[in-house]
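Worksheet: one structure, shown below.
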Amino acid sequence: MHHLTLAEISRALAAKEFSAVELNQALLARIKQLDTQLNSFITVTEELALEQARAADARRAAGENGALLGTPIGHKDLFCTEGVLTSCASKILEGFKAPYDATVVEKLAAAGTVTLGKLNMDEFAMGSANESSHYGAVKNPWDLTRVPGGSSGGSAAAVAARLLPAATGTDTGGSIRQPAAFTNLTGIKPTYGRVSRWGMIAYASSLDQGGPLARTAEDCALLLGGMAGFDAKDSTCVDQPVDDYLAALNQPLAGLRIGLPREYFGAGLDARIADKVMAVVEELKKLGATVKDISLPNMQHAIPAYYVIAPAEASSNLSRFDGVRFGYRCENPQNLEDLYKRTRAEGFGAEVKRRIMVGTYALSAGYYDAYYLKAQKIRRLIKNDFVAAFGEVDLILGPTTPNPAWKLGEKNNDPVAQYLEDIYTITANLAGIPGLSMPAGFVDGLPVGVQLLAPYFQEGRLLNVAHQYQQVTDWHKQAPAGF
């Protein structure tokens, strides 16, 4: 059963080939057996999962037949889940059990999904390798000596290893798409405001967006349909009808105009990955698409702009973690100032402290105009580049990452080198547009992803192109050895 995709599981449950309880018991046993190799879960919610599975079977017996009813998923451990540890992979949220469900968790539970657990991640979603977690690094099932990408590395590793068919993730600068590329998955970052952020613990509020990780575009369409939609509790959530993503999958690609930004193919891109990207282009041409060279002239400024804006927002968002109301508190504080200082010094990891310090500096008196304001102006230029490009083409295609997954620990002493791995993904977050990564082959046995970008609220177009590509290729069907 563990080899079935989410869509295949949905059809099998509807056909009563097995029950939700039988399926989820099998996957829980698999997690117990294999996750010691990966460290992809922070919390396994066996009791909750079996309770939800029994409820799903009862709903089906009563005649209900929802597409997600009884399907197993996991949640990245920054989605608040009532009564379950929600840690953001940080010591500072030690022992915190959320008193409510995030909107994403609530919506998917109402649709009948079964939560198998909470998945490991970079601490407070800050990282590209899933090595900054308080609970230890996650390992890539394709090569246990390598990173799975971050910050949604636990979600990616668990799905790639067939511990569950799909999982939620979040993407602030590529944290769904980059792990998807490193683990041979499909992952989509929706348009900013398409999925509610209420109950999703914030890193950078103007950049964060939740989305699904799965093996196929069809599975992502199924899960995104359950996640997306307006939420009055989130002031950044857009009140716009949700498209029928499944219905969009089978549209023909004839006449589709694809743009290839020349800035994507310069120095820094592994030539073997460039070859994989061009092979995807050739397949899409056979399906009826046309290709055009375009330019995104301000892409070179994206990383410095992002690493001012995101840490600035993080320094504000993370000020609430002070040991007073919830989570970790230092022992025997001498006074309030000592409580704040020692709780935060002991509770936050090195990468989180680094970004808080950068952000606080960028927002400080005398530096706001020089750094933060200038970064926001660059952000507008990047957005304008995309608006202009989408006047010429329907879709932008390129590599998801400049290199395959690197060795665990390889970039720990050089954070800038790790930041540069986000060069192709962060522009979508700065502009707020949707982006998708899909499997495109292998380099030295390691998965490679290709990224698709589309205009606002065109997630259906991204999923359509990925699905059509997956009908004529089988990269997405390949599984890591031993899993």
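If you read the sequence from its start, that first residue is 1, and numbering goes on from there.
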My understanding is that only one of T401, T400, I396 makes a side chain to side chain contact (heavy atoms under 4.5 Å, CB included) with Q451; could you say which?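 Output: one option passes, namely T400.
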Which residue in the set I294, L397, L453 passes side chain to side chain contact (heavy atoms under 4.5 Å, CB included) when paired with P261? I294
Got a donor-acceptor contact below 3.5 angstrom from the [X] side chain to the [Y] backbone?
X	Y	result
K118	T45	no
T191	F457	yes
N464	Q251	yes
R194	E459	no
D77	M121	no
D35	I31	no
S128	G150	no
Q468	L249	yes
T183	P148	no
D234	R197	yes

Do the side chains of [Y] and [X] get nearer than 4.5 Å, heavy atoms only?
X	Y	result
H301	Y306	no
Y264	V277	no
I9	P72	yes

Can we say [X] and [Y] salt-bridge, meaning some charged N sits less than 4.0 Å from an Asp/Glu carboxylate O?
X	Y	result
R11	E218	yes
R257	D394	yes
E351	R355	yes
K107	D231	no
R146	E410	no

Name of the residue among T186, D422, T425, D171 meeting side-chain hydrogen bond (donor to acceptor under 3.5 Å, both in side chains) with R177: D171
Hey, do the aromatic rings of [X] and [Y] have their centres closer than 6.0 Å?
X	Y	result
F182	W406	yes
F442	W142	yes
Y203	F124	no

Non-hydrogen atoms of P480 and R162 that approach each other most closely: CD-NH1, 4.1 Å
Hey, could you give me the SG/CG distance between C220 and L213, rounded to the nearest 0.5 Å?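 It comes to 7.0 Å.
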Distance (rounded to the nearest 0.5 Å) between T145 OG1 and K139 NZ: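 So the gap between those two atoms works out to 10.5 Å.
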Apply side-chain hydrogen bond (donor to acceptor under 3.5 Å, both in side chains) to the pair T172 and N429, showing each step before the final yes or no. CA-CA 6 Å; T172 306; N429 301 81; 5.8 Å; no
